[in-house]
Novice: 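The following block contains the structure, expressed as structure tokens.
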Amino acid sequence: MSSAERRRSSVLASYGALDAPREPEFDDIAAIASEVCGTPIAVVNLVDTTRQFFMAEVGLGVRETPLESSFCAQAILSEDMMVIPDATKDPRFDCNPLVTDEPHLRFYAGALMKTAAGVPIGTVCVLDYRPRDLNESQIRTLRLLARQAMTQFELRKAVVERNRALKTARETERRFRSMADDAPAIIWVTDTDGRCVWLNRGWYDYTGMTKWKSEGFGWLDAVHPDDREESGRIFFEANAKRIPFSLEYRLCRHDGRYRWAVDTGAPRFHNGVFEGYVGTVIDIEDRRQAEMRREMVVRESSHRLKNAFSIIQSIAGQTLRQAATIEEARATLPARLLALASAQDLLSQTENPAADVRAVVESAIRPYMTEEGRFRIEGPPAMLSGHQAFGLVLAVHELATNAVKYGALSVAGGHVAMHWNTDPDGTFEFTWKETDGPPVSSPSRRGFGTRLVERTTALYFDGTSSLDFDVTGVRFRLLGKLQSE
């Protein structure tokens, strides 16, 4: 096979016409050629390396024939047009079986169909069973029909390439959507105006929203009302500037609960033209909670350190006031400071083992027991889990610290009563009540320690707590459930 044949075969394949079904546009060209030239046979013919395929034909009744006996195999080698008035008198065809035997062809005229690059792919040809010739008008018409047929092939090729591109695009989109739907994050795509045009399955599974409600700007309905305005502002400012962005907001899950999420987007460009954004949304609630807990620990540690210095000062002052001599103070003060250190050790252990309520309470108040009879402790034996023991000692330590600084333990004769009850179903109730101290008034501002007692302690018991600043003394009540380790 010559290089010209290989090139023609490759170009011919790009049109996707070989073995194609009949098409009216090409049938019309063959019919016009037969009528104008007055021949019984007319063909729109594609010449491959081993055969010729008839895209359209008049008077033959077949769609292809072998190339070795083809007139067009010679016509394809011409520059423009090949006319054979009498094949029996042409040495190229006088021995051709189509001439010497049935159907005894005599006349042939074929105009080349050439691509824009000059590659011939076939002919528009006419044939007759008797010798004859064509006039100039017929030859010109045959050339025009060959050009028209080539135009049809180019249009057909454009359609084939478009369909192939669409098929590839659909397959690419199908693969992208399949991968995106299986992604662990929510993925979204917007148009140039910021309207959401596509969301992966992760969005619908997470939010429970429908497609028609989510697309456009409907996705904003899933954002917490308090975060919606700021989130929209950041997004649309980035969209106007065509720059990446990242923002955090609370997103409503399908169960109605809001969880913190981070939304990150990047602009899409094609050939330098902005097409919108693509981005992801990832649930960061657990991370935010961990950060909040770390922040709480840092603040709690700072608060506890300040309290420790205040308590040391208070213990030292009370010890010196109660001691008859310096020697007695010297003997008493170290023991009390050691008890304070022991309580601080307990507070620093977040994984301490289960403990009895009484042991936990006594450990928490030991640094403050500077005088006999100031504490009354009552309650049945009950075991707390490690986390609950920590939560309770945290609350008692904070209450005792405040009592020493401002409450019943800040004056001589003040008392604190602690009492707890348990029920067979695991219900646990604990109370703290101060009496005989200075008059109490509700603070104008809730400090960290107060919020710690009011909110944090109840979390360890899956219950509720209250802190009341009654004029006769501070009262604390905790109601929850005991947990087993």
Side-chain angles (χ1 to χ4, degrees), residues 7-67 69-76 78 80-84 98 103 105 107-130 132 134-170:
R7 185 185 182 193
R8 183 175 71 249
S9 180
S10 175
V11 172
L12 191 57
S14 70
Y15 288 92
L18 291 174
D19 300 312
R22 297 190 75 128
E23 298 177 13
E25 294 81 5
F26 294 103
D27 286 341
D28 291 345
I29 290 173
I32 293 170
S34 174
E35 185 174 338
V36 169
C37 296
T39 59
I41 302 171
V43 180
V44 178
N45 183 38
L46 298 173
V47 180
D48 202 1
T49 55
T50 60
R51 61 170 178 153
Q52 56 182 0
F53 176 74
F54 306 145
M55 196 69 185
E57 55 82 22
V58 173
L60 284 179
V62 295
R63 296 298 305 279
E64 66 174 74
T65 61
L67 194 61
S69 60
S70 168
F71 282 77
C72 290
Q74 289 295 325
I76 204 77
S78 64
D80 176 44
M81 185 94 178
M82 186 177 82
V83 179
I84 303 170
L98 297 177
L105 294 174
F107 172 75
Y108 173 89
L112 286 184
M113 295 184 295
K114 288 184 178 181
T115 67
V119 179
I121 63 171
T123 66
V124 174
C125 61
V126 292
L127 299 96
D128 205 339
Y129 304 114
R130 63 183 179 85
R132 56 171 300 164
L134 298 178
N135 59 37
E136 288 298 323
S137 176
Q138 291 170 323
I139 290 175
R140 184 172 63 255
T141 300
L142 204 58
R143 286 193 175 107
L144 290 174
L145 289 174
R147 192 181 306 165
Q148 180 61 31
M150 195 66 237
T151 299
Q152 290 297 324
F153 277 116
E154 293 295 345
L155 290 173
R156 192 180 190 284
K157 180 180 180 180
V159 172
V160 169
E161 290 178 345
R162 183 203 64 186
N163 291 341
R164 187 180 298 125
L166 285 174
K167 182 179 179 181
T168 301
R170 289 191 189 101

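In this chain, numbering begins with 1 at the start of the sequence shown.
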Novice: Between the main-chain N or O of Ser137 and the side-chain N or O of Thr141, is there a donor-acceptor pair closer than 3.5 Å?
Specialist: yes
Novice: What I'd like to find out is whether the side chain of Gln152 reaches to under 4.5 Å of the side chain of Val44, using heavy atoms alone.
Specialist: no
Novice: Could you pull out the closest heavy-atom pair between Ala75 and Thr123, with the gap in Å?
Specialist: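 Of all heavy-atom pairs spanning Ala75 and Thr123, the closest is CB-CG2, 4.1 Å.
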Novice: Are Thr65 and Phe54 close enough, and set up right, to give a side-chain contact (heavy atoms from CB on, under 4.5 Å), and what steps lead you there?
Specialist: CA-CA 8 Å; Thr65 61; Phe54 306 145; 3.7 Å; yes
Novice: Which value, rounded to the nearest 0.5 Å, describes the distance between Glu161 atom CD and Arg164 atom CZ?
Specialist: 6.5 Å
Novice: Hey, could you give me the CZ/CD1 distance between Arg8 and Ile76, rounded to the nearest 0.5 Å?
Specialist: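 Arg8 atom CZ to Ile76 atom CD1 measures 5.5 Å (nearest 0.5 Å).
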Novice: Would a distance-only check, ignoring hydrogens and angles, find a side-chain to backbone donor-acceptor pair under 3.5 Å from Glu57 to Gly61?
Specialist: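 It does hold such a pair.
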Novice: Taking all heavy atoms of Ala109 and all of Leu134, pick out the closest pair and write down the distance.
Specialist: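 For Ala109 versus Leu134, the nearest heavy atoms are CB-CD1, 3.6 Å.
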Novice: Between Asp27 and Met55, what is the shortest heavy-atom contact and its length?
Specialist: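 For Asp27 versus Met55, the nearest heavy atoms are OD1-O, 4.5 Å.
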Novice: Pro40 and Leu127: which non-hydrogen atoms are nearest, and at how many Å?
Specialist: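 Closest approach of Pro40 to Leu127: CD-O, 3.5 Å.
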Novice: Using a strict threshold of under 4.0 Å (side-chain N to carboxylate O), is an ion pair present between Glu23 and Arg156?
Specialist: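 Yes, Arg156 and Glu23 are salt-bridged.
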Novice: Atom CZ of Phe53 and atom CG of Leu12: how far apart are they, to the nearest 0.5 Å?
Specialist: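 If I round to the nearest 0.5 Å, the distance is 10.0 Å.
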Novice: Where is the tightest heavy-atom contact between Arg51 and Leu18, given as atom of each residue plus distance?
Specialist: NH2-CB, 3.9 Å
Novice: Less than 4.5 Å apart, side chain to side chain, heavy atoms only: is that true for Glu64 and Asp19?
Specialist: yes
Novice: Please check this pair: side chain of Gln138 against backbone of Asn135, looking for a donor-acceptor N/O pair closer than 3.5 Å.
Specialist: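 It does hold such a pair.
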Novice: Can you check whether Ala31's main-chain N or O pairs, donor with acceptor, with Ser34's side chain at less than 3.5 Å?
Specialist: no
Novice: For the residue pair Asn45 and Met113, what are the closest heavy atoms and their distance?
Specialist: O-CE, 3.3 Å
Novice: Rounded to the nearest 0.5 Å, how far apart are CG of Leu142 and CD1 of Ile29?
Specialist: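 The CG atom of Leu142 sits 11.0 Å away from the CD1 atom of Ile29.
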Novice: Looking at Val58, Leu105, Asp128, which one forms a side-chain contact (heavy atoms from CB on, under 4.5 Å) with Ile41?
Specialist: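 Of Val58, Leu105, Asp128, side-chain contact (heavy atoms from CB on, under 4.5 Å) with Ile41 is met by Leu105 alone.
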Novice: When you compare the side chain of Thr49 with that of Leu67, does any pair of heavy atoms fall below 4.5 Å?
Specialist: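 With C-beta onward as the side chain, the pair stays apart.
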Novice: Do Ser70 and Val47 come within less than 4.5 Å of each other through their side chains, counting heavy atoms only?
Specialist: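 Ser70 does not reach Val47 side chain to side chain.
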Novice: When rounded to the nearest 0.5 angstrom, what distance separates CD1 in Ile121 from CZ in Arg7?
Specialist: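 It comes to 12.5 Å.
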Novice: According to the interplanar angle, ranging from 0 to 90°, do the rings of Tyr108 and Phe71 count as parallel (below 30°), tilted (30 to 60°) or perpendicular (above 60°)?
Specialist: parallel
Novice: To the nearest 0.5 Å, tell me how far Cys125 SG sits from Leu145 CG.
Specialist: 11.5 Å
Novice: Heavy-atom count check: over 12 atoms from other residues, nucleotides or ligands less than 6.0 Å from Glu154 CD?
Specialist: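 More than 12 heavy atoms, drawn from other residues, nucleotides or ligands, come within 6.0 Å of this atom.
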Novice: Quick one: does Arg132's side chain have a donor or acceptor within less than 3.5 Å of a partner on Phe107's backbone?
Specialist: no
